[in-house]
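Single-structure report; data block below.
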Amino acid sequence: MKKESRMMRSWRIAEILTGHEFEGIRNGDLAKSLNVSAATITTDLKEMEEGGIVERIPGLEDRWRLGPKPIQFFRAHSLGMDRVRAQVGEMEQRYTRDIK
């Protein structure tokens with residue numbers, strides 16, 4: 001079986017953390033979910049934390065959640081898609097008006 005790259009594992013960590021913004025997930029639980037060692041997850045989480053991708057929950061430092069950066073990326077993408085949809089809607093209206 002092919003070994004998963006660190007980048008792909010990081011994406012999987014982010015997927016697992018999605019929806020756990022308040023209670024977070026423990027390092028060991030992430031390791032079990034991904035079938036890797038806790039040390040591997042610790043290394044991954046530290047790198048992801050440096051990039052603003054994940055953060056420890058204040059008061060629950062043994063738990064991790066998504067940091068603000070991925071949420072900001074996804075919100076920016078969503079806003080961009082909204083702008084495109086509005087432009088398409090305007091164009092559809094312009095081209096479907098009845099000729100008088």
Side-chain angles (χ1 to χ4, degrees):
M1 188 163 118
K2 185 178 175 185
K3 185 178 175 183
E4 185 173 50
S5 72
R6 179 173 283 171
M7 183 176 70
M8 289 308 299
R9 194 171 51 246
S10 295
W11 274 110
R12 290 186 58 211
I13 290 169
E15 287 177 332
I16 293 168
L17 291 176
T18 300
H20 297 278
E21 291 77 17
F22 292 101
E23 75 279 6
I25 299 179
R26 287 186 174 96
N27 179 338
D29 294 331
L30 286 167
K32 285 179 191 173
S33 294
L34 296 171
N35 198 30
V36 297
S37 71
T40 296
I41 291 295
T42 297
T43 300
D44 292 343
L45 288 170
K46 285 180 181 179
E47 284 187 10
M48 293 172 76
E49 183 178 34
E50 288 172 10
I53 307 299
V54 299
E55 63 185 12
R56 294 173 194 256
I57 297 179
L60 298 172
E61 279 74 19
D62 66 330
R63 294 178 171 269
W64 294 84
R65 66 180 173 197
L66 286 178
K69 190 163 280 189
I71 307 306
Q72 292 164 348
F73 287 153
F74 299 134
R75 284 186 48 80
H77 175 74
S78 180
L79 291 172
M81 294 300 291
D82 289 345
R83 283 191 298 276
V84 169
R85 278 191 284 275
Q87 289 173 336
V88 168
E90 290 169 9
M91 187 174 283
E92 282 179 338
Q93 285 183 354
R94 185 171 161 229
Y95 284 95
T96 58
R97 288 187 199 133
D98 289 335
I99 299 175
K100 294 181 183 180

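Basis for what follows: all heavy atoms, side chains included, without hydrogens, waters or symmetry-related copies.
- With values rounded to the nearest 0.5 angstrom, Ile41 atom CD1 is found 4.0 Å from Ile13 atom CD1.
- No side-chain donor-acceptor contact under 3.5 Å links Glu90 to the backbone of Val88.
- Note that CG of Leu17 and CZ of Arg63 are 11.5 Å apart. Values are rounded to the nearest 0.5 Å.
- A pairwise comparison of heavy atoms in Arg65 and Pro58 identifies NH2-CD, 3.7 Å as the closest pair.
- Val54 and Phe73 are assigned to two separate hydrophobic clusters, defined by single-linkage of ILVMFWY side chains at heavy-atom distances under 4.5 Å.
- Residues Arg12 and Ser33 form no side-chain contact, since every pair of their non-hydrogen atoms from C-beta on lies 4.5 Å or further apart.
- Within the model, atoms CZ of Arg83 and OG of Ser78 stand 10.0 Å from one another, a figure rounded to the nearest 0.5 Å.
- With Glu23 contributing its side chain and Glu21 its backbone, the two residues share no donor-acceptor pair below 3.5 Å.
- Here the side chains of Gln87 and Met91 are not in contact, with every heavy-atom distance at 4.5 Å or above.
- Contact detail for Phe22 and Ile57: the closest heavy-atom pair is O-CD1, 3.5 Å.
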After noting the C-alpha distance and the side-chain angles of Leu30 and Asp44, does the key distance pass the side chain to side chain contact (heavy atoms under 4.5 Å, CB included) rule? CA-CA 11 Å; Leu30 286 167; Asp44 292 343; over 6 Å; no
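- Annotation: Asp82, atom CG; neighbour count of heavy atoms from other residues, nucleotides and ligands within 6.0 Å is above 12.
- The hydrophobic clustering, which links ILVMFWY residues whose side-chain heavy atoms are closer than 4.5 Å, places Ile16 and Ile71 together.
- The side-chain heavy atoms of Glu55 and Trp64, taken from C-beta on, include no pair separated by under 4.5 Å.
- At distances below 3.5 Å, at least one donor-acceptor pair connects side-chain atoms of Thr42 with backbone N or O atoms of Ala38.
- Under a cut-off of 6.0 angstrom, the local environment of CZ in Arg94 is sparse, with at most 12 non-hydrogen atoms contributed by other residues, nucleotides or ligands.
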Thr43 vs Arg6, side chain to side chain contact (heavy atoms under 4.5 Å, CB included): CA-CA, chis, key distance, verdict: CA-CA 10 Å; Thr43 300; Arg6 179 173 283 171; 3.7 Å; yes
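- Within the 4.5 Å cutoff, the side chain of Leu34 has no heavy atoms near those of the Thr40 side chain.
- Of all heavy-atom pairs between Pro70 and Gly52, the closest is CD-O, 3.7 Å.
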